[in-house]
Protein chains: 2
Amino acid sequence: MPKLVDADARRRAVAEAVFRVVRAQGLEQASLRNVAEAADLAIGSVRHYFTNHDELLTFALDELIARVERRLMARVNQVYAATAAADRRAAVEDLLGELLPLDPDRHDEAVVWLEFTNAARTRPALAPAARRLHEGIRAIARRVLEGVGAAEVAVEAERLAALLDGLAVDAVLQPDLITPDVMRAVLGRHLDTLPRAVH
Amino acid sequence: MPKLVDADARRRAVAEAVFRVVRAQGLEQASLRNVAEAADLAIGSVRHYFTNHDELLTFALDELIARVERRLMARVNQVYAATAAADRRAAVEDLLGELLPLDPDRHDEAVVWLEFTNAARTRPALAPAARRLHEGIRAIARRVLEGVGAAEVAVEAERLAALLDGLAVDAVLQPDLITPDVMRAVLGRHLDTLPRAVH
DNA sequence: AGTTATTTGGCACAGTCATGCTACAAAGGG
DNA sequence: CCCTTTGTAGCATGACTGTGCCAAATAACT
C-alpha cells in the first residue's frame, strides 16, 4: 500500500481546507474542486476520504463544533473553580467571551459558523448540528444565570444568547465597526445590568 | 410594440420572485432560470429588465431595504407623536418590533435579509446596501436611547442593535424555538432594564 | 398600412458542478 | 517475490450556470 496515511488526521486537514475556502469565498464556493485545491490534494483523493459532498460538509461542521466545545470545557471549569465574586465574574466573562469572535482565529470560526448555520436552513443534512450548537449556547446561558429568579431565567437566557449571537453576526458582517473592544464593552455592560446573578 | 409594460413594476415583480426563491431555497439557488420560473417569465424576459445577474440581486436588496424603511417611517412618527410616558414606551416597542420577524411577512423578510447580508460578506456588489441597513439600525437604536447618559449611549445602542439582530437571526434559523412571543418578551425585558431612557 | 421601437423567447457557448467508474502506483504481509 | 490492500489520479457523463447573440411577435405612431 502507499504511504499509509492517518485517515482521521487527513479528514481533519481537509476540513480545515473547507474552513479556509468558506472563510475566503463563502460556503457556496466550497466545491470538491476548490476544497481539494486548498488542501493541496487531487480531487480524487478528497473523494477517497469522503463519500459525498454532503458528508464532507457535515464532517467539517461537526469538527467546528467539537473545537468550540473543547474551548468551552476549560472555561466552564474555571467558573466552577472561582469562589470569590470578582473571580466568578471574570470567569463568566471569559466563558461567554469564548463565544465571541474576539481574536482572528475565533473570528474565522464565527464566519464559518454563520455560513454553515445559515445554510442549514435550506440544507437538511446540516440542520442537526446547527441545532445542537444553538441549544448548547442556551444551556450555557441558563447555567450562567442561575442566580436570577426562576421566573425570569428563561427570558434572560434567551436575551443573553441572542445578544451573543447578534454580536457575533455583527462582528462577522461588519468587522471594522464591531471590533473586539466594542464586543467586550457590550458584554460587560450587559452583565453589569443583570439583577445580582453574576456578581 | 407589444403590451407596453410598466418596466418598474415588472422589475419589482421579478424582485418578489427573487424573494420567493431565496426564502424557499436560499440565495445560492436564485439563478436567472429559477427566478424566471418563479416569476412565470421566460429567462430572456428577465434579462430584458436586468442587464446582469448582479444587478438583479442588488435591485432586489435595495427593494427589500426600501420596504423596511417605509414601514419604519410610520413608526418613527408615532414615537414623536407620543407624549405620555406609557404611550412613548408602547410606540418604541412597536418601532423596534418592526425590526423583528414577528409575523409571517416580516419573517420572510428577515430570512431574505440574512441571506443577502451574509452573501454581502463575499460579494462586493451587495456590500454597500448591507452596510446602509446595518448603520440605519444603529441610528434608530441611538435615537431611541436619547435618555441615557451620553457616555453610555454608544455602548447601549450597540447592545440594543446586537440584541435585535440576534433575535432576528435566531428566529430565522430556529423558528420553532424563537417564536414571536419569545421575541416580544425578550425585547420587553430589555427595555425594562434600561436606565430611565424609554419609560 | 407601413414603420419602428419594445418585448419576448430561445439557441449556443464556455464554464462549473457532483459523481460513477476505471486505472495505476505504492508499500506492507505472506 | 508476489500479491493484496490502500491511496492517488483522472476520464466521462449529465446537469446546471451566466451571458452574447439573434429572431420573432407585438402594438403604438406616422
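Every chain is numbered from 1 and lettered A, B, ... according to where its sequence line falls, protein lines coming before strand lines.
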Results of side-chain contact (heavy atoms from CB on, under 4.5 Å) for A:Asp105 - residues two or more places apart only: A:Asp103

Check: A:Arg88/A:Tyr80 side-chain N/O donor and acceptor closer than 3.5 Å: no

Under-4.0 Å salt bridge between B:Glu109 and B:Arg106: no

A:Asp94: salt bridge (charged side-chain N to carboxylate O under 4.0 Å, His left out) partners, not counting sequence neighbours: A:Arg75

Side chain A:Arg20, main chain A:Ala38, donor-acceptor under 3.5 Å: yes

Interface with DNA chain C, restricted to residues 26-60 of chain B and to heavy atoms under 4.0 Å: B:Ala42, B:Gly44, B:Ser45, B:Arg47, B:His48, B:Tyr49

